[in-house]
Amino acid sequence: MKILMVCLGNICRSPLAHGILESKTKHYGITVDSAGTGSYHIGEPPDPRSIEVAMMHQIDISDQRARQFQVSDFDEFDRIYAMDRANLRDLKNLARNPEDERKLRLFMDSDPESPFDEVPDPYYDEIDGFKTVYALIETTCKKINTELKDDI
Ligand code: 4NP
């Protein structure tokens, strides 16, 4: 099973979702990757603030490099999680057929109890915004991990 996490820049939110879910699933054969819908940061490491908050939780995401989502990712991945509705809309616009569309999920839909229905973009926030986003992504990744275990 291959999972792809997608945000806009692939430097703040989806690298966290990638690192956190990977830390929970690598023991049982799930592959996790991330990408951005935009091209602004291709080749860059995650934002230093995302690296820092992940490190506070013993998760090292510093080796990740940003890449842009490709239509071929629909062939490569089984489930594709969008961090917000704008990302989801952009991905839907790239879907070639109903099979591609069926792979798309809104990330926060896996945590219906959360007061958040999207992962807010922390890019223009201070480190506290990144801490909030980390907590949100961590809780939702726990739920996704349970969903995946139930499904395989
Ligand atoms: P991300 O955050 O989508 O969580 O990686 C952003 C990073 C960069 C930009 C926007 C959002 N930007 O406009 O450059």
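Just so it is clear, the values below take in all heavy atoms, side chains as well, and ignore hydrogens, waters and symmetry mates. Just follow the structure's listing: the first ligand is 1, and inside any ligand the first atom is 1. Keep in mind the model is a prediction, meaning the values are calculated, not measured.
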Record the part of [X] in heavy-atom contact with ligand 1 below 4.0 Å; permitted values are side chain, backbone, both and neither.
X: Asn10; answer: backbone
X: His41; answer: side chain
X: Asp121; answer: side chain

Salt-bridge present (Arg105, Glu147; N to O < 4.0 Å): no

When you check the gap from the basic side-chain N to the acidic O, do Lys131 and Glu52 get nearer than 4.0 Å? no

Side chain to side chain donor-acceptor pair (under 3.5 Å): pairs with one or both residues in residues 70-85, sequence neighbours excluded: Lys2-Glu76, Arg13-Asp84, Arg67-Asp73, Asp75-Arg96, Arg79-Asp151, Asp84-Asn87, Arg85-Asp117

List every atom of ligand 1 that sits less than 4.0 Å from any heavy atom of Cys12, numbering the atoms from 1 in the order shown and giving each element. 1 (P), 2 (O), 4 (O), 5 (O)

Near Gly9 (heavy-atom distance under 4.0 Å), the atoms of ligand 1 are 1 (P), 3 (O), 5 (O)

Do me a favour and list the nearest non-hydrogen protein atom to atom 4 (O) of ligand 1 with residue, atom name and distance? Arg13 NE, 2.7 Å

Considering only the protein, which heavy-atom contact is closest to atom 1 (P) of ligand 1, and what is its distance? Cys7 SG, 3.5 Å

Have His18 and Gln64 got a donor and an acceptor in their side chains that come within less than 3.5 Å? yes

CG/Leu21 to NZ/Lys142 distance, rounded to the nearest 0.5 angstrom? 13.0 Å

Ile144 side, atom CD1; Thr25 side, atom OG1 - distance, nearest 0.5 Å: 10.5 Å

